[in-house]
Amino acid sequence: MIEALNAIRDEALRRLAELGADAPEAEIRDLRARYLGREGSLSVAMRGMGKLPASERPEIGRLANEVKGAIEEAFETAQGALAARERAQSLASERVDVTLPGRTPAIGRVHPLTQTAERATEIFVGLGFSVAEGPDVETDYNNFEALNIPRDHPARELQDTFYVADDIVLRTHTSPVQIRTMKQRKPPLRVIAPGTVYRRDDDVTHSPMFLQIEGFMVDEKVTFGDLKGVLTAFLQEMFDKGTRLRFRPSYFPFVEPGAEVDIECFLCRAKGCRVCKGTAWIEILGAGMIHPEVFRAVGYDPAACSGFAFGMGIERIAMLRYGVNDIRHFYENDQNFLEQF
Ligand code: FA5
């Protein structure tokens, strides 16, 4: 038994040495299993110890453990050397250049239309207006009827409407917020209402979904002069002090008199381009004195109060502010475009 154990150790150490320094890990593992595995020769020999006389067992047992320890140590050394070699190889081939610049995570920013709407809101708040909101899905009554646009009124054709149901629409303008606010509150009122509106429209200056800011003021003696003053103050703050604007008489059923306001086209410096359609002016808002029928619809006495209202397009203002020549850029989500603002 003693000889057998010594022979197993010698053979194991010799065969491991024969494998050489470049032996792959799998071969070392196989060889190890051949001696130390459950069916390996050392394990088989040790199982035979039960048959030995009791007096020999302690000595043989000690020797068997020594042999096992020697074999284990030899394999551990070989496997350790292999691991060290592999680590050295991978360090030599993988180069980490610590001087490379880091990867900066992309940081989002506020959309130019939101920036423009926020700036506009800030200016109106500075002029004493407070902010109100209304839903995008609106009743036909608030969007049209209460604004003096009855069912068969030709003005409905001016706004290509998306209907959700017979009496429910995607609001075509922010003017229904006038109705909602006036029904809830009493004059004096100075309110703006920014929001999204929808129409069947699509070209370089028209989008099917766009933003408006409604504004209105109601008190005992509000005049058209107040309207001009507020809009001039707003536009000169939004653009610059020298900004020229013009009021053109126009028709909206919910105001009398009504006007459209244009500002000089900054894109072409008033020479005429495709955005201003060669006219040197861009229409940015509709406005006027609130119609007595609207006051009646919300339960106000038209003889006791007066007011102005306006509704302006945020995209048009943003186009002029940033020199953008096609409204569709705002909705295409092209990073190269958006990163400029
Ligand atoms: C209205 O929507 C009226 N509610 C405005 C108003 C309010 C008048 C209060 C009187 C009193 P209009 O349809 O003209 O009016 O639209 C107002 C502005 O929205 C336009 O001047 C323009 O700047 C913008 N606009 C209109 N249609 C589009 C569109 N399809 N895409 C982008 N902007 C648009």
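When a ligand or atom number is given, it counts from 1 through the structure's own listing order. These values consider heavy atoms only, across backbone and side chains, with no hydrogens, waters or symmetry-generated copies.
For ligand 1, the atoms closer than 4.0 angstrom to any heavy atom of Leu285 are 21 (O). The ligand atoms of ligand 1 that sit less than 4.0 angstrom from a heavy atom of Glu214 are 7 (C), 9 (C). Counting atoms of ligand 1 from 1 in the listed order, those under 4.0 Å from a heavy atom of Thr205 are 31 (N), 32 (C). For ligand 1 and Gly313, the ligand atoms under 4.0 Å from any heavy atom of the residue are 18 (C), 19 (O), 23 (O), 24 (C). Those atoms of ligand 1 that come under 4.0 Å of a heavy atom in Ala309, given as number and element, are 9 (C), 11 (C).
Heavy atoms of Val255 found under 4.0 angstrom from ligand 1 belong exclusively to the side chain. Contacts between His206 and ligand 1, counted as non-hydrogen atom pairs separated by less than 4.0 Å, involve both the backbone and the side chain. Only the side chain of Ser175 comes within 4.0 Å of ligand 1, counting heavy atoms alone; its backbone N, CA, C and O stay farther away. At a heavy-atom cutoff of 4.0 Å, ligand 1 is contacted by both the backbone and the side chain of Glu283. Only side-chain heavy atoms of Asp201 come within less than 4.0 Å of ligand 1; its backbone N, CA, C and O stay farther off. Contacts between Ala287 and ligand 1, counted as non-hydrogen atom pairs separated by less than 4.0 Å, involve the backbone only.
Taking the six-membered ring where tryptophan is involved, the planes of Phe330 and Phe341 are tilted, since the angle between them lies from 30° to 60°.
Heavy atoms only, all atoms of each residue included: Met209 and Glu315 are closest at O-OE2, 4.3 Å. Heavy-atom minimum distance, Ala318 versus Thr116: CB-OG1, 3.5 Å.
At a 3.5 angstrom cut-off on N or O pairs, Glu315 does not count as close to ligand 1. Looking at ligand 1, you'll find an N or O of His173 within less than 3.5 Å of one of its N or O atoms. On a distance-only criterion, Ile284 and ligand 1 share at least one N/O pair closer than 3.5 Å. Distances between N or O atoms of Gln178 and those of ligand 1 include no value under 3.5 Å.
Counted within 6.0 Å of CD on Glu3, heavy atoms from surrounding residues, nucleotides or ligands total 12 or fewer; the atom is thus considered open. More than 12 heavy atoms of other shown residues, nucleotides or ligands fall within 6.0 angstrom of atom CG in Asp203. The 12-atom threshold is exceeded at CD of Glu18, counting heavy atoms of other residues, nucleotides or ligands nearer than 6.0 Å.
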Quick one: do Phe247 and Phe308 satisfy ring-ring contact (aromatic ring centres under 6.0 Å, His included)? Show the steps, please. CA-CA 14 Å; Phe247 286 72; Phe308 67 68; over 10 Å; no
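Salt-bridge check for Arg151 with Asp167: passed, with a basic side-chain N closer than 4.0 Å to an acidic carboxylate O.
Clustering of Ile, Leu, Val, Met, Phe, Trp and Tyr by side-chain heavy atoms under 4.5 Å joins Val177 with none of the others.
Selection from Glu260, Met312, Arg199 by nearest heavy atom to atom 1 (C) of ligand 1 gives Arg199.
Judged by the shortest distance from any of its heavy atoms, Gly258 lies outside the 4.0 Å radius around the atoms of ligand 1. Using a non-hydrogen distance threshold of 4.0 Å, Phe254 registers as a contact of ligand 1.
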Sequence neighbours excluded and cut-off under 3.5 Å, please list the side-chain donor-acceptor pairs for residues 50-69, or say none.
residue, atom, partner, partner atom, Å
Arg57, NE, Leu52, O, 3.2
Arg57, NH2, Gly50, O, 3.3
Arg57, NH2, Leu52, O, 3.2

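Between the CD1 atom in Ile317 and the CG atom in Leu235 there is a gap of 6.5 Å [rounded to 0.5 Å].
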